[in-house]
Each structure stands twice: as C-alpha cells, then as structure tokens.
Amino acid sequence: METTAVLLRTIRPNMDQSDFTSPSVASLINVTGQVQGVGFRPFIYRIAQQYRINGWVQNRQGEVLIHAEGFEENLKTFTSAIIGSAPPLARPEIAKISSESVEGFQQFTIKDSASGTHADIHLPADQFTCSDCLEELNNPSDRRYNYPFINCTQCGPRYTIIESLPYDRPATSMAGFPLCSECGAEYQNPSDRRFHAEPIACPVCGPQLSFFSNGQSISNSEAVLNETVKRLQQGEVVAVKGIGGYHLLCDAANEAAVKLLRQRKRRPDKPLAVMFPQRGDSLLDDVLDELRVTDVEAMTLRSAERPIVLCRKSIEGKLAPSIAPGLAEIGVMLPYSPLHHLLLSRFEGPLVATSGNISGEPVITDNHEA
C-alpha cells in the first residue's frame, strides 16, 4: 500500500482527476496589480489546463477572481505559478486566498467580465511591438504581412483604445471591427498567443490606413505607406496618427525639412527627438552610426517603455544641426508601433518624431481637428 501511495502522488498531476477517489479542494483567489491588458486571463486558463484545475477566471473592476478546484498539491502548484510564471508584462499580486466549497466543475472557463463592489483600477499601458509580431509583419507569406495594426496578448495598444473598464474588446475602440473567421478562431484558441487578445485584427477585418493632402485622399494601406515615405524623402512634413495622438515626422538628415517643421510647429529652438530604425542584433546599429551610446543608455532604449533617451552626438554624425542646436546630446527613441517600423524600414533612415499636439492643450485625436 505504501508503494501504491507513492506511485499515485508521482503520476497524479498528469492524469484526469476522475481516475482517483481522493477528494478535490477549492479556493477563491483574488489577484490585484497589473493584470489588465497583459494576457493574464488566457495565462490563467493555460496553467489551469497544465495543472488539471477546473473552475473559472473573471475580471472584476481591475482585479481578477479565480475559482480553482483540484487536488491539493496541484492547487498549490497552480497558485505558485500565478506569480512565478506570470506573463512578462504582468505584475500580479495575490491579495487574498479563501477556501471554497467544491462545486464539481468539469472544466476551466474564462467568464465574461463583471463589475465589482470595489474598483481596483490598474490601467494597462500601450506596449511596443513584440518580436513575434515583428517576424509576422516582415514575413511575405504571413497573412498579417505589412499590416500596420498587428498585435497580440503581449503587445499593441491598450490605454489609448480603452473606453471603459473592465478591459474587454466591446469596451474598446476595436468594438466597431467585427472579427473575421480566422481572427475569431485565434481569439478562441487557448494555444494561440492571440487567445483573448482584445485588439486583435488583420487586413481583412481590422482598421486601415488613409492619407490626406490638399484634397488628395488615398485609402489603400500599401499605397498610403509608399506615398508617406515619398513625401518624407522629398523633404515634406507629415502628421502621422499613431498610438496616443499625432507625430510630426520629417527627414532627420534634411536641414531644410527640420527647419520647415520648426516653423510650422512654432518651435524655433527647443530640441527635437529622433526615431531610428531598429536594426541588427543589438537593435541599435543605426543609432550607433550617429551617436555615442553607453551600455546603460542602450539598455534603456531597448526597455519595454521605449523611452526617449539622451545620447551624445558623434562628430561623424549626419543628422541635421537644427535638431538640437547648441547641445551635445540628442533625444533618441526606437519605433514602438508596427506603423513606425514600416515607415522607418521603407525610409531607411532616422526621422524627427515630435508631438503634433499644441502645447498646453489636450491630445488631438480627431482627424479634422488635426
């Protein structure tokens, strides 16, 4: 009997609970912290499958509730994995664990979000394009090849598309884009990295690019990209609507273009930021061609926040002098949206990227207002 008991403990996590007479236990786990817009509920679903846990997970006003049923040792491992194996963008905190009655669930499900009595709001931040999406973006055989709005549970817009909480697709600006059959299948597939990715989209069912200039209008995304790059190469200034408002873009190596941007923005002296293409194993090959970058600065440039980092000018640099007149440093950043990646890749050089908003005024998001 002793040998049999040891054997059961060894194989139990990999077998159906129905094979044993040992009773299950149940817990209600309350998780707070950064758990919105980071693929947290799909993650909980997957580890529940891994550890043979039945029950459900649900968003409630910024917190996540999990009703988990299973063998005691499986439940302990599952609970530890909530923190220890959380998605890279998540910052979960287990606020409370309480014992519950076993209800006999036969599977684990993701419940529709519900409003709780107490709001514990942690707004999800917009995230830079992940390496998996970049690979698809640049793969001619992928159905999202060159699609400017590619995203998954680990990247893409969050904060800027939310209209209300909890964070679900019907409560975002993506609600007006019904999913095509292929996107719908990805959204429902627990093994897909777009499982419950709320901003999921593709060229068939998602948003598209448009270009407007002096009465001219282009609606084909590929043609829009080509026209935008052509205008930038000709020394023009282009207002690009991206994540979080508008950027004014121009050729960072064209002194006349930079001066034109300064004139239109009414910004005669204040330094301008420059966005560089992401190239090479370090992602910084183009940056290093123009600037002197320390190890700390390089690490910061590649961080998830994709911030603007001050880096020293190089004597051999070819950037326009009026980008940061009289200063030894320039504000540098890497592209963080698929649209930025596509424009910089086609332009094949750095672009001045400065806010298109009027100083002291709210962020401009309306095309007509812009």
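All figures in this text were calculated on a predicted structure; none of them were measured in a lab.
Clustering ILVMFWY residues whenever any of their side-chain heavy atoms sit less than 4.5 angstrom apart, transitively, puts Phe105 in a cluster other than the one holding Ile110. No chain of hydrophobic side-chain contacts below 4.5 Å, direct or via other Ile, Leu, Val, Met, Phe, Trp or Tyr residues, connects Met333 to Leu283. Two different hydrophobic clusters hold Leu272 and Leu310 under the rule that ILVMFWY side chains link at heavy-atom gaps under 4.5 Å. Residues Leu65 and Tyr45 fall into different hydrophobic clusters, defined by Ile, Leu, Val, Met, Phe, Trp and Tyr side chains chained together at heavy-atom separations under 4.5 Å. In terms of hydrophobic clustering, with Ile, Leu, Val, Met, Phe, Trp and Tyr side chains grouped at heavy-atom distances under 4.5 Å, Val274 and Leu288 are assigned to a common cluster.
Across all non-hydrogen atoms, the minimal contact from Gln154 to Pro88 is OE1-CD, 3.4 Å. Arg346 approaches Asn146 most closely through the heavy-atom pair NH2-ND2, 3.1 Å. Across Ala223 and Ile218, no two heavy atoms sit closer than the pair CB-CG2, 3.7 Å. Between Ile200 and Cys183, the closest heavy-atom pair is CD1-O, 3.4 Å. Taking all atoms of both residues into account, the shortest heavy-atom contact from Leu344 to Phe276 is CD1-O, 3.8 Å. Residue Cys130 comes nearest to Cys152 through the heavy atom pair SG-SG, 3.7 Å, listed as atom of the first residue, atom of the second, then distance.
Within the model, atoms CD of Glu297 and CG of Leu284 stand 10.5 Å from one another, a figure rounded to the nearest 0.5 Å. The CG atom of Leu209 sits 9.0 Å away from the CG atom of Asn220 when rounded to the nearest 0.5 Å. The OG atom of Ser303 sits 7.5 Å away from the CG atom of Leu301 when rounded to the nearest 0.5 Å. Between Leu225 atom CG and Leu339 atom CG the span is 6.5 Å, to the nearest 0.5 Å. To the nearest 0.5 Å, the span separating CG on Leu249 from OG1 on Thr228 amounts to 9.0 Å. The structure places CG of Asn151 at 12.5 Å from CG of Asp132, a figure rounded to the nearest 0.5 Å.
Lys313 contributes a side-chain N or O that, together with a main-chain N or O of Leu327, makes up a donor-acceptor pair within less than 3.5 Å. Judged purely by atom type and a 3.5 angstrom limit, Arg169 uses its side chain to pair as donor or acceptor with the backbone of Phe177. The backbone N or O of Gly104 lies less than 3.5 Å from a partner atom in the side chain of Glu69, making a donor-acceptor pair. For the pair Arg262 (side chain) and Lys270 (backbone), a donor-acceptor distance under 3.5 Å is present. Of the possible polar contacts, none joining the Asp168 side chain to the Ala171 backbone as a donor-acceptor pair under 3.5 Å is found. The main-chain N or O of Lys259 is never found under 3.5 Å from a side-chain atom of Arg264 such that the two would form a donor-acceptor pair. With Asp286 contributing its side chain and Pro277 its backbone, the two residues share no donor-acceptor pair below 3.5 Å. No side-chain donor-acceptor contact under 3.5 Å links Ser221 to the backbone of Gln208. Remark: side-chain polar atoms of Arg143 are not paired, donor with acceptor, to backbone N or O of Val204 under 3.5 angstrom. Looking at Asp142, its side chain never comes within 3.5 Å of a backbone N or O of Asn138 through a donor-acceptor pair.
Both the sub-6.0 Å distance and the 45° axial angle are satisfied by Arg306 relative to the ring of Phe128.
Residues Ser113 and Gln58 bring no donor and acceptor atom of their side chains to less than 3.5 Å of each other. Defined by atom type and a distance below 3.5 Å, a donor-acceptor pair is missing between the side-chain atoms of Thr294 and Arg312. One side chain, Arg267 or Thr354, offers a donor N or O that lies under 3.5 Å from an acceptor on the other. Side chains of Asn59 and Gln36: a donor on one and an acceptor on the other come within 3.5 Å.
Remark: Glu222 CD is packed, more than 12 non-hydrogen atoms of other residues, nucleotides or ligands lying under 6.0 Å away. Within a 6.0 Å sphere centred on OH of Tyr159, heavy atoms belonging to other residues, nucleotides or ligands number 12 at most.
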Quiz prompt | Worked verdict on Arg144 versus Glu182 for salt bridge (charged side-chain N to carboxylate O under 4.0 Å, His left out) | solution = CA-CA 11 Å; Arg144 290 186 175 90; Glu182 289 185 272; over 6 Å; no

Self-check item: Verdict with reasoning, Asp289 to Arg279, per side chain to side chain contact (heavy atoms under 4.5 Å, CB included)
Solution: CA-CA 11 Å; Asp289 287 344; Arg279 189 170 61 84; 3.6 Å; yes

Quiz item: How far apart are the C-alpha atoms of Lys230 and Glu227, what are their side-chain angles, what is the distance that settles it, and do they pass the salt bridge (charged side-chain N to carboxylate O under 4.0 Å, His left out) test?
Solution: CA-CA 5 Å; Lys230 184 182 80 173; Glu227 182 67 20; 3.3 Å; yes

Quiz prompt | Full working for salt bridge (charged side-chain N to carboxylate O under 4.0 Å, His left out) between Glu73 and Arg52 | solution = CA-CA 11 Å; Glu73 59 266 39; Arg52 307 294 185 184; over 6 Å; no

Exercise. Applying side chain to side chain contact (heavy atoms under 4.5 Å, CB included), run through Tyr51 and Leu75 and close with a yes or a no.
Key: CA-CA 8 Å; Tyr51 296 114; Leu75 195 55; over 6 Å; no

Practice problem: Apply side chain to side chain contact (heavy atoms under 4.5 Å, CB included) to the pair Val238 and Cys250, showing each step before the final yes or no. | Solution: CA-CA 7 Å; Val238 181; Cys250 75; over 6 Å; no

Exercise. Dump the intermediate steps for side chain to side chain donor-acceptor pair (under 3.5 Å) on Glu255 and Ser322, then the final yes or no.
Key: CA-CA 7 Å; Glu255 178 71 3; Ser322 60; 3.1 Å; yes

Exercise. Go through the steps for Met275 and His340 under the test side chain to side chain contact (heavy atoms under 4.5 Å, CB included), then give the verdict.
Key: CA-CA 9 Å; Met275 183 178 289; His340 290 141; 3.7 Å; yes

Quiz item: Between Arg231 and Ser213, is a side chain to side chain donor-acceptor pair (under 3.5 Å) present by the stated rule, with each step listed?
Solution: CA-CA 10 Å; Arg231 298 295 186 99; Ser213 177; 3.1 Å; yes

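Centroid-to-centroid, the aromatic rings of Phe149 and Tyr147 come within less than 6.0 Å. A centroid separation of 6.0 Å or more is found between the aromatic rings of Phe195 and Tyr187.
Relative orientation of the Trp56 and His67 rings is parallel, given thresholds of 30° and 60° on the angle between their planes.
Using a 4.5 Å heavy-atom threshold, the side chains of Ile161 and Pro199 count as touching. The shortest distance between side-chain heavy atoms of Leu28 and Ile97 does not fall below 4.5 Å. With contacts defined as side-chain heavy-atom distances shorter than 4.5 Å, the pair Thr153/Phe40 does not qualify. Counting only heavy atoms from C-beta outward, the side chains of Val332 and Glu290 never approach each other to under 4.5 Å. Taking the side chain as every heavy atom from C-beta outward, His341 and Thr129 approach each other to under 4.5 Å. Within the 4.5 Å cutoff, no side-chain heavy atoms of Phe71 are placed close to those of Val25.
Contact check on Arg193 versus Glu135 returns no salt bridge, with no Lys/Arg side-chain nitrogen under 4.0 Å from an Asp/Glu carboxylate oxygen. The existence of a salt bridge linking Arg41 and Glu198 is confirmed by a sub-4.0 Å separation between a basic side-chain nitrogen and an acidic carboxylate oxygen.
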